[in-house]
S.K.: 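Below: one structure in structure tokens.
Keep in mind it's a predicted model, so treat the numbers as computed, not measured.
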Amino acid sequence: MPLPMFRGLIPAFPTPLHADGSLDESGLERIVVYQIERGASGLLPLGGTGEAASFDLATGRRIMEVTVSAAAGRVPVIGGVLAPGLGGALDIGRMCRQAGADGLMVIPPYYARTDQEGILRYFRALVPELGLPILYYDNPFRSQIVTAPETIARMAAERLIVGMKASNTDLYHLDRLSKLVADDFSLLSGQDTLFVQQVILGAKGGILTSAALLPGYWAKIQALAESGRVAEALAAQGRLNPLMDALFAEQFPEAVRRAFALIGLPIGRSLPPVGQLSEATEAALAAAVEALVADGTLAQGVS
């Protein structure tokens with residue numbers, strides 16, 4: 001049975017920045033090494049967690065180049081393409097390919113309101129120009145459209161996409177899709193808080209924000225779920241609830257940046273319009289990180 005092209009834990013990670021908002025290349029290299037050494041199966045720079053929409057094309061290119069160089073072929077690097085329309089998506093996708101990306105994660109157009117046929121027209125126009133395997137980014141909260149499982153399966157059948165990040169809390173949607181696609185379709189969870197549930201329904205791994213901090217722990221959870229030890233997998237996932245609650249409470253992805261600082265890997269602050277965390281969320285995040293470091297779940301720094 002052929003394996004999915006992309007599988008396992010693929011962190012969507014923040015972009016390290018200096019105090020003036022410029023790219024911190026050394027910091028980026030450090031967190032790439034941190035994630036790979038701790039079990040990441042791939043990397044996703046320039047996603048929402050990476051604040052892709054805040055960077056110009058030249059900075060995006062450098063983010064990709066540094067990530068690809070630091071990864072050194074050990075894991076695939078998937079560039080995020082979060083442009084609102086065709087022109088921007090073509091520019092970003094080509095840039096990622098030229099910088100050495102192994103694949104792309106592409107969101108549907110979200111400025112010009114569209115329908116199911118419009119999504120198909122968009123990907124039919126886009127994909128032949130990019131020359132890389134494509135993951136469909138199903139995120140109704142950001143794209144303002146629910147993509148039908150049948151539409152996604154049709155894109156897979158037409159070889160427009162090789163998989164999907166499922167950032168959709170509708171588990172029935174994922175269950176229906178998993179029955180429509182082949183076993184080698186890279187169906188990936190995009191919901192940290194529902195990862196086990198999505199694996200049970202057919203996800204082959206996940207593109208998760210919290211996996212930037214502890215990819216190996218999430219990989220163990222995936223192994224438990226896939227082996228039928230569902231109660232243990234859910235319990236292990238539940239241990240991360242305080243961390244996930246703090247990471248996604250407000251001012252995303254500032255809390256992810258603060259978590260890296262708390263484990264000895266400072267990567268700067270988020271760019272506007274993202275602001276600082278409230279004192280309550282800072283305290284909750286610190287407590288969650290401290291507890292996970294104390295029991296050995298979360299590692300400090302680069303080994």
Side-chain angles (χ1 to χ4, degrees), residues 4-7 10 12 44 46-53 78-90 92-93 103-127 130 133-211 244 247-248 252-253:
M5 183 176 296
F6 303 115
R7 57 191 184 277
I10 302 171
L44 194 135
L46 293 182
T49 308
E51 298 179 72
I78 303 165
V81 180
L82 308 186
L86 188 62
L90 285 168
I92 296 169
L104 301 171
M105 183 187 75
V106 183
I107 199 167
Y110 53 85
Y111 186 80
R113 295 298 178 91
T114 190
D115 55 16
Q116 302 300 306
E117 287 298 320
I119 290 172
L120 289 165
R121 284 192 295 271
Y122 183 78
F123 277 81
R124 287 167 181 157
L126 181 67
V127 171
L130 296 182
I134 306 294
L135 292 171
Y136 185 72
Y137 187 14
D138 183 36
N139 189 334
F141 179 75
R142 301 293 184 187
S143 65
Q144 305 300 311
I145 186 169
V146 175
T147 310
E150 292 78 11
T151 301
I152 298 165
R154 191 168 167 186
M155 285 193 285
E158 293 183 20
R159 301 186 182 278
L160 297 172
I161 60 174
V162 301
M164 183 185 83
K165 176 183 177 181
S167 292
N168 186 335
T169 58
D170 183 352
L171 293 176
Y172 179 53
H173 181 280
L174 187 141
D175 186 35
R176 288 167 57 206
L177 175 63
S178 70
K179 293 175 172 62
L180 296 174
V181 293
D183 288 338
D184 63 352
F185 186 77
S186 295
L187 182 55
L188 299 169
S189 168
Q191 288 291 137
D192 299 48
T193 55
L194 293 175
F195 177 71
V196 171
Q197 294 89 329
Q198 290 183 321
V199 169
I200 292 169
L201 294 174
K204 307 298 196 304
I207 298 176
L208 307 182
T209 293
S210 59
M244 293 189 289
L247 291 180
F248 301 113
F252 185 80

S.K.: Within the structure provided, determine whether Pro253 and Glu51 are in side-chain contact (heavy-atom separation under 4.5 Å).
M.R.: yes
S.K.: State which residues pass ring pair (Phe, Tyr, Trp, His ring centres under 6.0 Å) with Phe6; sequence neighbours excluded, sorted by chain then number.
M.R.: none
S.K.: Got a sec, which pairs hit ring-ring contact (aromatic ring centres under 6.0 Å, His included) with one end in residues 157-190, sequence neighbours left out?
M.R.: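 Every candidate ring-ring contact (aromatic ring centres under 6.0 Å, His included) pair involving residues 157-190 fails, so no pair, neighbours aside, qualifies.
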S.K.: What pairs of donor and acceptor atoms, side-chain ones from residues 145-155 against any protein atom, are under 3.5 angstrom apart with sequence neighbours left out?
M.R.:
from	atom 1	to	atom 2	distance (Å)
Thr147	OG1	Tyr136	OH	2.6
Glu150	OE1	Arg176	NH2	3.4
Glu150	OE2	Arg176	NH2	3.1
Thr151	OG1	Gln116	OE1	2.6
Arg154	NH1	Glu117	OE2	3.1

S.K.: Are any of the side-chain heavy atoms of Asp115 and Arg121 separated by less than 4.5 Å?
M.R.: yes
S.K.: Under the side chain to side chain donor-acceptor pair (under 3.5 Å) test, which residues partner Gln197, sequence neighbours left out?
M.R.: Gln237
S.K.: Using ring pair (Phe, Tyr, Trp, His ring centres under 6.0 Å) as the criterion, list what pairs up with Tyr110, not counting sequence neighbours.
M.R.: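 Partners of Tyr110 under the ring pair (Phe, Tyr, Trp, His ring centres under 6.0 Å) test: none.
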S.K.: Can you list, pair by pair, the side-chain donor-acceptor contacts under 3.5 Å of residues 157-166, counting residues two or more places apart and other chains?
M.R.:
from	atom 1	to	atom 2	distance (Å)
Glu158	OE1	Arg124	NE	3.0
Glu158	OE2	Arg124	NH2	2.7

S.K.: So how far is it from Leu90 CG to Ile92 CD1, rounded to the nearest 0.5 Å?
M.R.: 10.0 Å
S.K.: Tell me, please, which residues at least two apart from Thr209 pass side chain to side chain donor-acceptor pair (under 3.5 Å).
M.R.: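 For Thr209, the residues satisfying side chain to side chain donor-acceptor pair (under 3.5 Å) (neighbours in sequence not counted) are Thr49.
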S.K.: Roughly how far, to the nearest 0.5 Å, is CD1 of Ile78 from CD1 of Ile134?
M.R.: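 Answer for the CD1-CD1 pair, Ile134 versus Ile78, is 10.5 Å.
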S.K.: Can you name the side chain to side chain donor-acceptor pair (under 3.5 Å) partners of Ser210, sequence neighbours left out?
M.R.: Asp192, Trp218
S.K.: Can you give me the closest heavy-atom contact between Leu208 and Phe195, atom names plus distance?
M.R.: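 Smallest interatomic distance, heavy atoms only, reads CD1-CD1, 3.8 Å.
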S.K.: Ile119 and Thr114: side-chain contact (heavy atoms from CB on, under 4.5 Å), yes or no, with the steps?
M.R.: CA-CA 7 Å; Ile119 290 172; Thr114 190; 4.0 Å; yes
S.K.: Are Phe123 and Val106 close enough, and set up right, to give a side-chain contact (heavy atoms from CB on, under 4.5 Å), and what steps lead you there?
M.R.: CA-CA 9 Å; Phe123 277 81; Val106 183; 3.8 Å; yes
S.K.: Write down the atom of Pro108, the atom of Tyr137, and the distance for their closest heavy-atom approach.
M.R.: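 Closest approach of Pro108 to Tyr137, heavy atoms only: CD-O, 3.3 Å.
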S.K.: Residues two or more places apart in sequence or in another chain: which of them pass side chain to side chain donor-acceptor pair (under 3.5 Å) with Asp175?
M.R.: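 With neighbours one apart ignored, the set is Lys179.
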S.K.: Testing the basics here: between Leu82 and Gly48, what is the closest heavy-atom pair and its distance to 0.1 Å?
M.R.: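 That closest heavy-atom pairing would be CD1-N, 3.5 Å.
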S.K.: Return yes if some donor-acceptor pair links the side-chain N/O of Arg142 with the main-chain N/O of Asn139 below 3.5 Å, else return no.
M.R.: no
S.K.: With sequence neighbours excluded, tell me which residues meet side-chain contact (heavy atoms from CB on, under 4.5 Å) with Ala89.
M.R.: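 Ala89 satisfies side-chain contact (heavy atoms from CB on, under 4.5 Å) with Val81, Ala83, Tyr122, Leu126 once adjacent residues are dropped.
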S.K.: How far does CG of Leu174 sit from CG of Asn168, to the nearest 0.5 angstrom?
M.R.: 8.0 Å
S.K.: How many angstroms lie between CG in Leu180 and CG in Leu187, if you round to the nearest 0.5 Å?
M.R.: 11.0 Å
S.K.: Taking all atoms of both residues into account, what is the closest heavy-atom pair of Gly190 and Gln198, and its distance?
M.R.: N-OE1, 3.5 Å
S.K.: What pairs with Ile200 under side-chain contact (heavy atoms from CB on, under 4.5 Å), at least two apart in sequence or on another chain?
M.R.: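 Partners of Ile200 by the side-chain contact (heavy atoms from CB on, under 4.5 Å) criterion, ordered by chain and then number, come out as Val196, Val230.
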